[in-house]
There are 2 protein chains.
Amino acid sequence: MARKSGSHGEITGPRILAAAERLIARKGFAAVTMREIAREVGVQAGALYLYIPDKQTLLFDLMRRHMEELLAAWEAEPKGETPLEQLEAFARFHIRFHLARPDATFISYMELRNLEPENFARIEALRKRYEDILEGILKEGSAAGVFRVPDTKLATMALIAMLTGVNTWYREGGRLSRERVERIYWNMVRRAVKG
Amino acid sequence: MARKSGSHGEITGPRILAAAERLIARKGFAAVTMREIAREVGVQAGALYLYIPDKQTLLFDLMRRHMEELLAAWEAEPKGETPLEQLEAFARFHIRFHLARPDATFISYMELRNLEPENFARIEALRKRYEDILEGILKEGSAAGVFRVPDTKLATMALIAMLTGVNTWYREGGRLSRERVERIYWNMVRRAVKG
DNA sequence: GTCTATAGCTTGATAGAC
DNA sequence: GTCTATCAAGCTATAGAC
């Protein structure tokens, strides 16, 4: 059967997510209108509702996708064997993954408050799973005497905040290469927890 | 002269700032309406415009006040003499100051994108002044051989991100006292940069 | 699958009474 | 100094034509 003229169903859906991610990261969820997203995609506002039930679900889908990709990417990562190797793998992975997705990262940290309670709880559960990965490494290393960490939960939060902070200032093609940034941060992480 | 009934000019202004700060921190600038702020203060929406020219200026005033208080508070802080003492003073001060102002801190990091360009530039200039304080300490310590920091700018960003991160999880009356949190973070900071 | 048109509200900000 | 009333604009989401 010939396709109807102007029919692009297979690609409009992903394009809506992409446009929404870019706009929300730049202006904030509440400030972005459905008309803007539609304009960016090249359709009329009403057509968006063929792909998403409402604006809230759009935000939730973006954040869930980001967290699920994060967890899946860590699963696929070569991790090393000793706690020290695992900590280095985690630090470098965290920087690399988040630098590659600045918009999604920004949204995941800034727009939690715009999630309805049930959606918020689901995203927080995913985030906790990710934090538990790092805390597990710190616990193992502490038990083995490789790390000296008086409180693993607190160290987890401190290190993740430090590593995610790269996104606030790093610019592609800037003064420092990503590899150099990774190395310097890894050195700070290592020294902050070393036994 | 007798005051007109229902006249509270001296206190309504500050109350508008306080209500706006609380609401914007909780819901985001774009999601907060002038009517909400007015309701919180106990006046009608139109009355707000006796105290502020518009919504944008309200946001700018909140952020400027926060940054100016931050710089003034550091000026008034006892700082120690050696770079190590100064770094400890800075780390503890940063945690203490920001934990005491969670709403203003949140707004200052989340709502930069909702500032108009000119206002954004002014807030960024104040933020840079604050970052320069920490970088100055790191530079002095590096020159003296007390710290080993391959890149002072990068270390500045890393440490500030780590310290500000306390605000995302710390809760008054929780598992750890503020003093204990300060001490653990200071230890991580110290070890991350020590020579 | 997308469009046009629009219902039904809410928004920031202003004018004028008191 | 505050209120009531209101404006023009913009919002999400839906209905129905094609």
Side-chain angles (χ1 to χ4, degrees), chain A residues 1-24 26-63 107 111 113-116 119, chain B residues 1-24 26-63 107 111 113-119:
Chain A
M1 284 297 274
R3 212 164 233 302
K4 226 179 182 176
S5 157
S7 225
H8 305 288
E10 298 106 28
I11 59 166
T12 301
R15 271 163 55 76
I16 290 171
L17 286 181
E21 183 168 277
R22 225 168 52 78
L23 286 168
I24 294 172
R26 192 183 308 159
K27 311 180 61 177
F29 176 71
V32 172
T33 69
M34 300 305 275
R35 283 174 178 78
E36 273 180 301
I37 297 170
R39 195 187 316 134
E40 189 92 352
V41 174
V43 299
Q44 291 296 316
L48 297 181
Y49 292 88
L50 295 168
Y51 301 91
I52 52 157
D54 51 36
K55 200 185 177 193
Q56 166 71 203
T57 304
L58 177 57
L59 176 62
F60 175 63
D61 285 348
L62 285 174
M63 295 180 70
I107 292 171
E111 303 295 354
R113 63 190 169 186
N114 283 307
L115 289 175
E116 288 165 5
N119 291 338
Chain B
M1 285 297 275
R3 215 164 229 301
K4 227 180 185 175
S5 158
S7 226
H8 306 287
E10 297 106 27
I11 58 167
T12 301
R15 271 163 54 76
I16 290 171
L17 285 181
E21 184 168 275
R22 227 168 51 80
L23 286 168
I24 294 172
R26 192 185 308 160
K27 312 182 56 176
F29 176 70
V32 172
T33 68
M34 300 304 277
R35 283 171 177 78
E36 272 180 300
I37 297 170
R39 193 187 317 134
E40 189 91 353
V41 174
V43 298
Q44 291 297 314
L48 298 179
Y49 292 89
L50 295 167
Y51 300 91
I52 52 157
D54 51 37
K55 201 186 176 193
Q56 166 71 205
T57 304
L58 176 56
L59 176 62
F60 174 64
D61 284 348
L62 285 174
M63 295 180 70
I107 291 171
E111 303 295 355
R113 62 190 170 186
N114 283 308
L115 288 174
E116 287 165 4
E118 190 185 341
N119 291 338

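Letters go in sequence order (proteins before strands), and every chain restarts at 1. All values below come from the heavy atoms of this structure, side chains included, with hydrogens, waters and symmetry mates left out.
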Original post:
Which pair of heavy atoms, one from B/Val32 and one from B/Leu23, lies closest together, and at what distance?
Top reply: CG2-O, 3.4 Å

Original post:
How many angstroms lie between CD in B/Glu118 and CG in B/Leu115, if you round to the nearest 0.5 Å?
Top reply: 11.0 Å

Original post:
What string of B, S and - do you get for nucleotides 8-14 of chain C, 5' to 3', when a contact is any protein heavy atom under 4.0 Å?
Top reply: ---BBBB

Return the value, rounded to whole Å, for the distance between atom [atom1] of [X] and atom [atom2] of [N].
| X | N | atom1 | atom2 | result |
| --- | --- | --- | --- | --- |
| B/Arg39 | D/dT2 | CZ | C1' | 18 Å |
| B/Leu48 | D/dC3 | CG | C1' | 12 Å |
| B/Ile11 | D/dG1 | CD1 | P | 12 Å |

Original post:
Taking side chain as C-beta onward, heavy atoms only, is A/Tyr49 less than 4.5 Å from A/Met34?
Top reply: yes

Subject >> A/Leu48 and A/Thr12, any side-chain heavy atoms less than 4.5 Å apart >> reply: no

Original post:
Ignoring hydrogens and geometry, is there a side-chain-to-backbone donor-acceptor pair from B/Gln56 to B/Glu116 under 3.5 Å?
Top reply: yes

Original post:
Is B/Arg113 paired with A/Glu111 through a side-chain N to carboxylate O contact shorter than 4.0 Å?
Top reply: yes

Original post:
At under 4.0 Å, does any side-chain N or O of B/Gln44 touch on OP1 or OP2 of D/dT2?
Top reply: no

Subject >> B/Thr12 vs D/dG1: side-chain N/O to OP1/OP2 distance below 4.0 Å >> reply: no

Subject >> From D/dG1, C/dG1, D/dC3, nucleotide with atom closest to B/Leu50 side chain >> reply: D/dG1

